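Quick note: numbers below take in every heavy atom, side chains included, and nothing from hydrogens, waters or symmetry partners. Atoms within each ligand, like the ligands themselves, are counted from 1 in listed order. Treat the numbers as computed from the prediction; the structure is a model and nothing was measured.
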Amino acid sequence: MTRLHIPMLSRRAFVTGAAAGAALVGLPAAGQSGTALREITLRAAPGRARLVPEPHPETPSWCYNGAVPGPEIRMKQGERLRVIVENALDEETTVHWHGVRVPNAMDGVPHLTQSPIAPGDSFTYEFDADDAGTFWYHPHQRSFEQVDRGLQGALVVEEPNPPRVDRDIVWVLDDWRLTSAAEISDDFQNFHDMSHAGRLGNTVTINGRVPDVFPVRSGERMRLRIINAANARIFALDFEGHEPSIIALDGQPVASHSPEGGLVVLGPAMRADIILDCHGGPGTRATVVDRAYRGDEYRVVDLAYGEGRLRYAPPDWPVALAPNPLAEPDIAKARRHEVTFSGGMMGAMVEREMGLAATGGMMGGGMMGMMHDGSGIWLINGKAAEGHLLDPFLTLERGASHILAMTNATAFPHPMHLHGHSFRVIRRNGAPTVHREWQDTVLMAPRERVEIAFVADNPGDWMFHCHILEHQAAGMMGVVRVA
Ligand SMILES: [Cu+2]
C-alpha cells in the first residue's frame with residue numbers, strides 16, 4: 001500500500017451522539033399500488049459544516065438540506081421512495097442511488113440515463129426498495145468535487161424483521177483535505193491525485209464531524225452500518241479489543257463472519273454492516289484505529305463506555321439476515337468477459353520513499369493519453385473514457401449469467417463499481433472466495449485478478465467505473481449495456 005502522511009487537525013473533545021446524522025426523513029403515505037410511498041425533498045446548495053471542532057471555523061461545503069452528510073433516509077423493504085432533488089448549486093448535478101437496483105432512468109448518471117439537473121431546476125427520482133440493506137446517495141456529475149465537498153448521504157432500507165440489536169447506527173466515513181483555515185483545499189483534478197491513489201485528505205470524519213469519543217454501554221449490541229463516502233481513502237478499521245462480525249457487505253447479506261485479520265476493510269463507496277458486542281467494562285475506553293496505510297495508522301475514534309452495565313454476557317440473539325431477491329448466476333453456463341485495467345503511475349511508492357517527485361517516466365499504458373490532455377490516465381480494456389462516453393465497451397445478453405474476469409494491471413488498488421446490479425465475487429487470483437459475497441463495488445489490489453458473476457437482469461446502459469473519483473475522472477469508466 002501507499003505510504004501516506006496524515007497530518008490530523010487537532011482532535012478536541014467532541015461527542016458523537018447516537019443521534020448524529022440520524023434524522024428520520026419523510027412520512028409514509030399510501031402509494032398507487034398499495035405500496036407505502038415515502039416522499040422527501042433533497043436540496044443541494046452551498047452551506048457550512050462543522051467538520052472540525054472549535055476554535056476552527058466551520059467549513060464552507062456543499063450540503064443536502066443544509067447538512068453534511070445529507071439526511072439519513074430510512075425506509076422499509078418494499079416501500080417506494082420518491083425524492084425531489086432541487087439544484088441550488090451554481091453547476092449541474094444529479095443523484096445516484098449507490099447499490100440500489102433501480103430502473104435505468106432513475107440511476108442518476110448525467111448524459112447516460114438523464115440530462116443533468118441545471119442550476120435552479122429539479123428532478124424527481126422514484127423507485128422501489130426491493131433490497132434491504134445499507135446504501136448511499138451522491139451526485140454522479142463531477143463527483144470528484146461534488147461528493148468531496150459534502151454531497152452524500154445514507155439510504156437505509158430496513159428488513160421487515162431485522163435481527164434484534166440494542167442500537168442500529170450509521171457511520172458515514174469521509175476524508176477531507178482541509179487547509180489550516182479549515183477550508184476544503186480547492187486543488188481538484190490535479191495530476192498527482194489523478195495518476196496516483198486519488199485525493200487523499202488529512203481529516204477523517206464520522207457523520208460529518210471529527211469525533212473524539214463514541215459513547216457505548218457495557219454489554220450492548222450494536223448494528224453498525226459503515227459507509228465509506230471518501231473520494232479515495234481506503235479504511236481498514238481495527239476495533240481494538242472487540243470482535244466485529246460482518247453480516248452484510250454493500251447492503252447484501254453475507255454469512256456472519258469475522259473480518260480477515262480483524263480489520264473491516266472498505267474501499268471508497270463500499271459498506272459493511274457489522275454486529276459489535278460492546279463487552280468492555282464500565283468507564284473504560286477502546287480505540288478504533290485505521291490500519292489501511294502501513295506506517296500511517298491513526299485513531300479514528302474512541303469507544304467510550306459509560307457507567308453502568310446493560311448485561312454481562314453477549315446476547316444470544318441470532319444475527320442472520322434474510323437474503324434479498326437476487327437472481328443466482330449459473331456459473332457453469334455463464335459467459336465470460338475479460339476486463340483489464342491499466343494505466344496510472346507506476347513505481348510511485350519507490351519514488352516517494354526515495355524522496356523524489358513523480359517523474360512521469362514510469363507509467364503504464366496510458367502514456368499517450370496523459371501526454372495530450374491529462375485525462376486519459378486510466379484505461380479499461382485499452383480505452384480511457386473521455387467526455388460524455390456513451391458507447392458500451394461490453395454488451396451483455398439480458399437474463400443470462402455473466403462472469404467478468406477482471407485484471408488489475410496497475411500499481412494501485414481500485415474499487416470497481418457496477419451500476420444497476422449486485423454481483424457475486426466468486427474468485428480472487430483463481431481461488432474461490434470463502435463467503436461468495438454479493439457486492440456492488442469490489443476492491444482490487446494491484447496485480448490482482450478478481451472474477452465476479454451476476455445475472456444481467458436489469459436492462460439499460462450502466463456505468464462501470466473505479467470509485468476512486470479521481471481515477472474515474474481520469475478515464476477509468478465505461479458503459480456496460482444490458483439488452
Ligand atoms: Cu481506481
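Minimum-distance N/O/S atom of H471 relative to the Cu ion (ligand 1): ND1. The Cu ion (ligand 1) sits nearest to atom ND1 when only the N, O or S atoms of H414 are considered.
At a threshold of 2.8 Å, the Cu ion (ligand 1) has no backbone or side-chain N, O or S atom of H467 nearer than that distance.
With hydrogens and angles ignored, the 3.5 Å screen pairs no side-chain donor or acceptor of R74 with any backbone N or O of E158.
The neighbour count for N429 CG, taken as heavy atoms of other residues, nucleotides or ligands under 6.0 Å away, is above 12.
Taking all atoms of both residues into account, the shortest heavy-atom contact from V147 to Q152 is O-NE2, 3.3 Å.
Classification of the W171-F239 ring pair by plane angle, with boundaries at 30° and 60°, yields parallel.
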